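Keep in mind the model is a prediction, meaning the values are calculated, not measured. In this chain, residues are counted from 1 in sequence order.
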Amino acid sequence: TASSVAELIDIPASTDIYIRTLDPDTTFRNDLVSVRNLSGEVRYGVIQFDLSSVMGLVTNVELILDEIGSAQTVTDANFPLVSAAYAIGTSDNVPNLLSMTWNTYEATYEGQEAGVFATLGAYNLPANGTTSANRSTFANAADRRFIQSILDSSGSNVLTLVLKAVNAE
């Protein structure tokens with residue numbers, strides 16, 4: 001018999017980088033994802049998820065941001081984060097994050113994102129100072145439908161999220 005209980009699947013990021021205006025030809029990998037919009041510097045966090053392990057109907061999606069405090073020598077913790085999440089690429093045209101820079105993002109994706117999420121990745125966090133914290137956002141019905149469309153399409157089932165600060169901090 002079929003089970004009506006939804007299965008919980010933990011999908012860690014397969015690749016994560018950040019890109020920034022001050023080094024427009026550099027990809028920041030093996031570092032923390034950094035999102036900010038400070039005077040003179042903008043950083044986008046770009047994160048890919050392989051959704052091929054997800055089967056059936058998407059009923060809930062939670063994005064967990066592991067926020068590191070300044071006690072871990074990270075300066076981003078000293079600034080608030082107000083962000084929105086955008087989707088780029090498609091399952092048939094997955095962006096190569098290892099070669100993405102600010103300049104390539106601007107030329108290829110800026111203003112042409114496949115969609116903006118209403119609630120997933122929409123953070124409004126105060127500066128957390130020295131304290132580490134996990135912060136979650138959840139997908140609303142429209143966000144889940146968009147993710148479902150990625151799963152239902154033929155292709156690689158990869159979701160690429162871009163976290164952008166929505167205002168100067």
Closest non-hydrogen atom pair, Ala114 against Gly89: CB-O, 3.9 Å
Minimum-distance pair of heavy atoms, taken over all atoms of Arg43 and Ser34: NH1-OG, 2.9 Å
Hphob cluster co-occupancy, Tyr109 + Val162, side-chain heavy atoms under 4.5 angstrom: yes
Asp50-Ser52 side chain donor-acceptor pair, cut-off 3.5 Å: yes
Ile19 versus Ile17, closest heavy-atom pair with distance: CG2-CD1, 4.0 Å
Distance-minimising heavy-atom pair for Thr137 and Gly121: OG1-N, 2.8 Å
Distance-minimising heavy-atom pair for Leu159 and Ala87: CD1-CB, 4.4 Å
Beyond-backbone contact of Val61 with Phe146, side-chain heavy atoms, under 4.5 angstrom: no
Close side-chain approach of Ile11 to Val54, heavy-atom, < 4.5 Å: yes
Same apolar cluster: Ile150 and Ile9, side chain cutoff 4.5 Å: yes
Atom pair CG/OG of Asn37 and Ser83 - distance to nearest 0.5 Å: 12.0 Å
Donor-acceptor pair between Thr21 and Glu41 side chains, under 3.5 angstrom: no
Heavy-atom donor-acceptor pair, Gln148 side chain to Gly56 backbone, under 3.5 Å: yes
Contact summary for Ala85 and Leu161, nearest pair of heavy atoms: CB-CD2, 4.1 Å
Main-chain N/O of Leu51 paired with Asn157 side-chain donor or acceptor, under 3.5 Å: no
Phe117-Phe138 co-clustered via ILVMFWY side chain contacts under 4.5 Å: no
Option from Val33, Val35, Asp16, Leu97 for which side chain to side chain contact (heavy atoms under 4.5 Å, CB included) with Val46 holds: Leu97
Nearest-0.5 Å distance, CD1 of residue Ile147 to CG of residue Asp152: 12.0 Å
Identified side-chain hydrogen bond (donor to acceptor under 3.5 Å, both in side chains) counterpart of Glu110 within the set Tyr105, Tyr86, Tyr44: Tyr44
Thr104 side chain to Met100 backbone, donor-acceptor under 3.5 Å: no
Co-membership, hydrophobic cluster, residues Leu163 and Ile88, 4.5 Å side-chain: no
Contact check, side chains of Glu62 and Ile64, non-hydrogen atoms, under 4.5 Å: yes
Connected via hydrophobic side-chain network under 4.5 Å: Leu151 and Phe49: yes
From CG (Leu98) to CD (Gln48), nearest 0.5 Å: 8.0 Å
Inter-residue atom distance Asn60.CG - Asn140.CG, 0.5 Å rounding: 11.0 Å
